[in-house]
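Predicted model only: the values in this text are computed from it and were never measured.
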Amino acid sequence: MKIRQIGSDIEIYDLKNFDLSQTLDCGQCFRWKNLDGKYKGVAFGKKLTVYQKSSVVVFENISLEDFESVWSGYFDLNTDYEKIAESFLGINPVMNKSARECSGVRILSQEPWEALCSFIISQNNNIPRIKKIISALCTSFGDNIGGEHSFPSPDALAKLSEKDLAPIRAGFRARYIIDAAKKVSSGIINFENLNDMSNEEAKNVLMQINGVGPKVADCVLLYGLHRLSAFPMDVWMKRVTEKFFPRKTPDFFGAYAGVAQQYLYHYSRNHPEIFED
């Protein structure tokens with residue numbers, strides 16, 4: 001990977017295994033909008049416009065300091081995904097196709113609180129509606145940052161009632177959002193402490209939150225705490241594993257099980273015909 005500053009933009013080139021659209025449209029995050037090929041979003045209280053032209057990724061109007069302190073880590077640019085993708089080749093034909101076709105997916109390092117709240121909202125929901133609820137949540141309770149809004153803090157949401165959240169139309173998830181906010185705000189759930197635990201221990205702590213089961217907990221580990229061995233298992237992934245990896249546990253995929261999961265998830269969603277045989 002090479003970095004150069006062109007005016008007020010940062011350009012990245014010679015970066016292997018990176019596809020911006022695969023990364024931002026694969027279901028791991030919900031705050032990015034594709035506007036004529038440019039993605040606009042907010043993370044860590046910073047707004048960004050980013051796009052890719054061939055092998056060059058352009059971060060518009062940001063400082064080198066912000067790129068290095070926020071966005072390089074957020075997009076996991078310093079991890080060797082070429083090596084990770086190659087490690088899955090030879091497992092079976094579906095894994096081979098997934099690792100090749102979806103090799104541009106990077107696992108984002110999102111804010112743990114945002115990941116927790118977002119995947120609580122994602123339960124029994126579709127992506128357009130998830131995005132709409134999260135957008136309303138941020139607009140209503142986040143801080144204004146130049147016309148965009150930050151993700152509301154747990155402290156801000158912990159003060160609210162289900163009635164306060166009614167306008168964002170989160171439905172039954174509102175009480176789970178508030179319970180999560182109260183537990184994080186009070187310190188019952190401490191994300192830094194989770195870093196010292198095994199995946200199973202951290203999942204058990206997260207599942208103290210009302211409405212958080214194994215799948216949401218694994219999403220927090222993978223997308224919020226960057227535990228690349230975490231393997232979220234939703235209905236779709238159960239179909240994939242039962243058909244193509246019978247009697248295998250996530251441990252079968254090794255230290256990068258979460259990356260394998262994302263390749264398989266994205267590939268199978270794009271190719272539902274693989275289930276027809």
Side-chain angles (χ1 to χ4, degrees), residues 12 15-44 46-60 70-77 79 81-82 84-85 88 94 97-111 114-115 117-138 148 151 215-216 218-220 222-224 226 228 230-237 239-240 256 258-274:
I12 309 301
L15 176 63
K16 297 179 179 179
N17 291 71
F18 182 87
D19 186 293
L20 187 64
S21 63
Q22 283 189 355
T23 297
L24 297 180
D25 291 331
C26 67
Q28 63 173 316
C29 58
F30 306 102
R31 295 208 65 200
W32 293 91
K33 297 178 182 178
N34 184 348
L35 302 173
D36 297 323
K38 293 186 176 183
Y39 284 85
K40 296 188 177 184
V42 178
F44 293 94
K46 304 275 187 179
K47 63 179 184 177
L48 177 69
T49 298
V50 58
Y51 64 95
Q52 186 168 9
K53 50 181 182 181
S54 187
S55 60
V56 179
V57 184
V58 181
F59 296 77
E60 287 192 342
V70 178
W71 301 112
S72 179
Y74 179 81
F75 285 101
D76 205 18
L77 298 183
T79 297
Y81 277 80
E82 182 181 29
I84 294 172
F88 298 129
V94 167
K97 292 175 182 177
S98 300
R100 288 194 174 102
E101 184 171 312
C102 305
S103 63
V105 172
R106 297 268 168 150
I107 304 298
L108 300 175
S109 291
Q110 302 177 59
E111 289 183 274
E114 179 174 340
C117 198
S118 296
F119 282 96
I120 285 174
I121 291 169
S122 76
Q123 296 180 91
N124 300 314
N125 221 340
N126 59 62
I127 288 179
R129 189 161 181 269
I130 296 166
K131 288 186 173 184
K132 187 174 181 180
I133 293 171
I134 291 174
S135 177
L137 180 72
C138 295
E148 301 291 342
F151 200 90
K215 183 254 183 176
V216 171
D218 270 325
C219 286
V220 177
L222 180 58
Y223 308 124
H226 211 59
L228 296 183
F231 195 94
M233 186 72 77
D234 63 359
V235 172
W236 200 267
M237 284 307 299
R239 290 182 68 196
V240 173
Y256 297 107
V259 183
Q261 186 268 1
Q262 200 63 58
Y263 290 166
L264 289 165
Y265 179 83
H266 194 48
Y267 179 79
S268 62
R269 292 294 296 268
N270 288 333
H271 298 279
E273 70 274 8
I274 65 174

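Side chains of Tyr267 and Ile274 form a contact here, defined as non-hydrogen atoms less than 4.5 Å apart. No side-chain heavy atom of Ile130 sits under 4.5 Å from any side-chain heavy atom of Ser118. Ile133 is listed as a side-chain neighbour of Asn125, based on a closest heavy-atom distance under 4.5 Å. Looking at Thr23 and Leu108, their side chains come closer than 4.5 Å, going by heavy atoms from C-beta outward. By the 4.5 Å heavy-atom criterion applied to side chains, Leu228 and Leu222 are counted as neighbours. Taking the side chain as every heavy atom from C-beta outward, Phe151 and Ile134 approach each other to under 4.5 Å. Between Leu48 and Val42, the closest side-chain pair of non-hydrogen atoms is not below 4.5 Å. Within the 4.5 Å cutoff, the side chain of Tyr223 has no heavy atoms near those of the Cys29 side chain.
Side-chain contact annotation: Thr79 with Asp76, donor-acceptor N/O pair under 3.5 Å present.
The local environment of OH in Tyr256 is sparse, with at most 12 non-hydrogen atoms from other residues, nucleotides or ligands closer than 6.0 Å. The local environment of NZ in Lys215 is crowded, with over 12 non-hydrogen atoms from other residues, nucleotides or ligands closer than 6.0 Å.
Arg31 CZ to Leu24 CG: the interatomic distance, rounded to the nearest 0.5 Å, is 13.0 Å. Rounded to the nearest 0.5 Å, atoms OG (Ser103) and OH (Tyr81) are 12.0 Å apart. Interatomic distance, OG of Ser72 versus CZ of Phe59, reported as 8.0 Å (0.5 Å rounding). One finds the CG atom of Leu35 at 8.0 Å from the OG1 atom of Thr49 (value rounded to the nearest 0.5 Å). In this structure, SG in Cys219 is found 9.5 Å from CD in Gln123, a value given to the nearest 0.5 Å. Here the NE2 atom belonging to His266 is positioned 6.0 Å from the SG atom belonging to Cys26, to the nearest 0.5 angstrom.
In this structure, Phe18 and Phe75 have perpendicular ring planes: the angle between them is above 60°, well past the 30° mark.
Looking at residues two or more places apart in sequence or on another chain, you find a salt bridge (Lys or Arg N to Asp or Glu O under 4.0 Å) between Lys46 and Asp66. Scanning for side-chain hydrogen bond (donor to acceptor under 3.5 Å, both in side chains) contacts around Tyr265 gives Arg269, with sequence neighbours left out. Residues passing the salt bridge (Lys or Arg N to Asp or Glu O under 4.0 Å) test with Lys33, sequence neighbours excluded: none. In terms of the side-chain contact (heavy atoms from CB on, under 4.5 Å) criterion, residue partners of Ser21 (sequence neighbours excluded) are, by chain and number, Asp19, Asp25, Tyr39. Residues satisfying the salt bridge (Lys or Arg N to Asp or Glu O under 4.0 Å) criterion with Lys38, sequence neighbours excluded, are Glu60. For Glu101, there are no salt bridge (Lys or Arg N to Asp or Glu O under 4.0 Å) partners two or more places apart in sequence or in a different chain.
Gln28 contributes a side-chain N or O that, together with a main-chain N or O of Arg106, makes up a donor-acceptor pair within less than 3.5 Å. The backbone N or O of Lys131 sits nowhere less than 3.5 Å from a side-chain atom of Ser135 that would complete a donor-acceptor pair. In terms of modelled atom types and a separation under 3.5 Å, the side chain of Gln22 and the main chain of Gly104 share a donor-acceptor contact. For the pair Glu111 (side chain) and Phe44 (backbone), a donor-acceptor distance under 3.5 Å is present. A donor-acceptor pair under 3.5 Å is absent between the side-chain atoms of Glu82 and the main chain of Asn17, judged by distance alone. Gln262 contributes no side-chain N or O that, together with a main-chain N or O of Leu264, makes up a donor-acceptor pair within less than 3.5 Å.
For the pair Gln261 and Pro232, the tightest heavy-atom approach, listed with the atom from each and the gap, is NE2-O, 3.1 Å. Tyr74 approaches Ala43 most closely through the heavy-atom pair CE1-CB, 3.6 Å. Residue Ile84 comes nearest to Val259 through the heavy atom pair CG2-CG1, 3.8 Å, listed as atom of the first residue, atom of the second, then distance.
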Notebook entry, point to check: What's the verdict on side chain to side chain contact (heavy atoms under 4.5 Å, CB included) for Asp218 and Phe231, showing C-alpha distance, side-chain angles and the deciding distance?
Noted result: CA-CA 6 Å; Asp218 270 325; Phe231 195 94; 5.6 Å; no
Item checked: Audit row: Tyr51, Lys53, side chain to side chain contact (heavy atoms under 4.5 Å, CB included) steps and yes/no -> CA-CA 7 Å; Tyr51 64 95; Lys53 50 181 182 181; 4.2 Å; yes
Next item on the list: Evaluate the criterion side chain to side chain contact (heavy atoms under 4.5 Å, CB included) for residue pair Val58 and Gln52; output intermediate values, then yes/no.
Entry: CA-CA 6 Å; Val58 181; Gln52 186 168 9; over 6 Å; no
Check: Run the side chain to side chain contact (heavy atoms under 4.5 Å, CB included) check on Asp234 and Met237 step by step: do they pass?
Finding: CA-CA 5 Å; Asp234 63 359; Met237 284 307 299; 3.5 Å; yes
